[in-house]
Protein chains: 2
Amino acid sequence: MCCDGELECPCPPVGLIDVVGKKWAMCVVTLLGYHGTLRFGPIQRSLPRVSPATLTATLRALEKAKLVVRTAKEPVRGAPVSYDLTARGKALYGNLLPLAEWLRSA
Amino acid sequence: MCCDGELECPCPPVGLIDVVGKKWAMCVVTLLGYHGTLRFGPIQRSLPRVSPATLTATLRALEKAKLVVRTAKEPVRGAPVSYDLTARGKALYGNLLPLAEWLRSA
DNA sequence: CGGAATCCCATACGATACTG
DNA sequence: CAGTATCGTATGGGATTCCG
């Protein structure tokens with residue numbers, strides 16, 4: 001947990017905050033949770049101000065955190081690549097959704 | 001919302017992500033939600049690796065987002081200052097808690 | 001006690017251009 | 001199509017010192 005000092009507190013580990021707190025991470029997770037399987041292009045075009053480098057970094061971080069899986073049918077460059085939430089990612093989405101919706105209304 | 005492009009998505013505004021995504025913001029909110037009113041010192045000592053400058057910045061950002069209220073009984077420097085969640089902050093805490101607990105177990 | 005001031009570094013992010 | 005390469009800026013955030 002991020003608080004390991006004087007007071008107890010139910011907050012999550014800093015490492016996960018770093019992942020979830022990345023500027024586009026929540027957006028990618030909600031996009032995948034809402035739409036299911038998506039490819040790089042549509043994700044990028046839904047996040048108009050993200051540069052490809054940043055989006056790649058975000059996806060890699062989510063992959064490393066086992067929240068997202070990357071699937072390339074053929075190992076050829078330029079071949080379609082799909083992204084999906086893992087079971088863990090879907091669980092996160094489930095817990096994230098009420099928060100996201102509240103934030104939208106607030 | 002952060003996604004305003006091709007695909008629809010229930011994700012929250014980027015501005016709020018920037019606040020909530022700050023390294024220590026979730027911790028401060030959960031601390032205040034869990035314990036109620038707290039002063040600067042105890043918060044700082046519960047987040048062992050936060051510098052006073054950073055904690056101040058975090059608190060100011062939360063204040064600006066109307067999630068936290070700062071109360072100084074006397075306008076004297078050095079007098080005790082209290083921090084509390086606003087109603088809005090408590091609502092956030094309510095939505096945050098399940099997520100935080102899931103993150104802890106994951 | 002509750003900060004403010006300063007310094008400094010790491011990194012996050014955007015823009016742009018290029019590639020298999 | 002799905003990235004990678006490069007560059008530059010902004011900001012985040014830790015450490016430290018000082019102050020009323």
Side-chain angles (χ1 to χ4, degrees), chain A residues 2-7 13-28 31-32 37-65 68-84, chain B residues 2-7 13-28 31-32 37-65 68-84:
Chain A
C2 56
C3 319
D4 55 350
E6 182 175 324
L7 264 35
V14 186
L16 273 170
I17 294 180
D18 284 348
V19 174
V20 173
K22 288 198 86 174
K23 184 168 183 182
W24 300 110
M26 279 182 67
C27 304
V28 170
L31 267 174
L32 287 173
T37 307
L38 287 177
R39 284 185 302 166
F40 191 91
I43 298 178
Q44 189 181 10
R45 285 190 301 278
S46 300
L47 277 32
R49 279 163 213 167
V50 75
S51 69
T54 302
L55 180 54
T56 300
T58 301
L59 287 167
R60 294 281 184 276
L62 290 173
E63 216 186 330
K64 200 168 150 194
V68 161
V69 262
R70 179 182 182 270
T71 312
K73 288 260 173 183
E74 307 150 49
V76 189
R77 307 254 305 172
V81 176
S82 300
Y83 292 93
D84 271 288
Chain B
C2 58
C3 319
D4 55 350
E6 182 175 324
L7 264 35
V14 185
L16 273 171
I17 295 180
D18 284 349
V19 174
V20 173
K22 287 196 86 173
K23 184 167 182 181
W24 300 108
M26 280 181 67
C27 304
V28 171
L31 266 175
L32 287 173
T37 308
L38 286 176
R39 286 186 303 168
F40 192 92
I43 298 179
Q44 189 182 9
R45 286 190 300 278
S46 300
L47 278 33
R49 278 163 212 169
V50 74
S51 69
T54 302
L55 180 54
T56 299
T58 301
L59 287 167
R60 294 282 183 276
L62 291 173
E63 216 185 330
K64 201 168 150 195
V68 161
V69 263
R70 188 187 112 104
T71 310
K73 290 260 172 183
E74 308 150 46
V76 189
R77 307 253 309 171
V81 176
S82 300
Y83 292 93
D84 271 287

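Naming convention: chains lettered A, B, ... in sequence-line order (proteins, then strands); numbering from 1 in each chain. This is a predicted model, so every value here is computed, not measured.
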Please tabulate, one pair per line, each protein N/O and nucleotide N/O from nucleotides 10-16 of chain D that are separated by under 3.5 Å, including the distance.
{"unit_1": "D/dG13", "atom_1": "OP1", "unit_2": "B/Lys23", "atom_2": "N", "d": "3.1"}
{"unit_1": "D/dG14", "atom_1": "OP1", "unit_2": "B/Lys23", "atom_2": "NZ", "d": "3.3"}
{"unit_1": "D/dG14", "atom_1": "OP1", "unit_2": "B/Trp24", "atom_2": "NE1", "d": "3.4"}
{"unit_1": "D/dG14", "atom_1": "OP2", "unit_2": "B/Thr54", "atom_2": "OG1", "d": "3.3"}
{"unit_1": "D/dG14", "atom_1": "O5'", "unit_2": "B/Arg49", "atom_2": "O", "d": "3.2"}

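In plain terms, the two heavy atoms of B/Pro52 and B/Gln44 that are nearest each other are CD-NE2, 3.7 Å. The two residues B/Ser82 and B/Arg39 have their closest heavy-atom pair at OG-CG, 4.0 Å. The shortest heavy-atom contact between B/Leu32 and B/Tyr83 is CD2-O, 3.4 Å.
We find that CZ of B/Phe40 is positioned 10 Å from C1' of C/dA4, with the value rounded to whole Å. C/dT16 atom C1' lies 16 Å from atom CG of A/Leu55, rounded to whole Å. As rounded to whole Å, 12 Å separates atom C1' of C/dA15 from atom CD of A/Gln44. What separates CG of B/Leu38 from P of C/dG3 is a distance of 13 Å, to the nearest Å. Distance, A/Leu59 CG to D/dT4 P: 10 Å, rounded to whole Å.
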Margin query: One pair to check against side-chain contact (heavy atoms from CB on, under 4.5 Å): A/Phe40 and A/Leu55. What are the steps and the verdict?
Written below: CA-CA 9 Å; A/Phe40 191 91; A/Leu55 180 54; 3.7 Å; yes

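Qualifying disulfide bond (SG atoms under 2.5 Å apart) partners for A/Cys27, counting only residues two or more places apart in sequence or in other chains: B/Cys2.
At D/dG3, none of the side-chain N or O atoms of A/Arg39 fall inside 4.0 Å of OP1 or OP2 (strictly under the cut-off). Proximity of A/Arg60 to the phosphate of C/dA12: no side-chain N or O atom is located under 4.0 Å from OP1 or OP2. For the OP1/OP2 pair of D/dG3 and a distance below 4.0 Å, the side-chain nitrogens and oxygens of A/Tyr83 include at least one atom meeting the criterion.
Counting only heavy atoms from C-beta outward, the side chains of A/Leu7 and B/Leu38 approach each other to under 4.5 Å.
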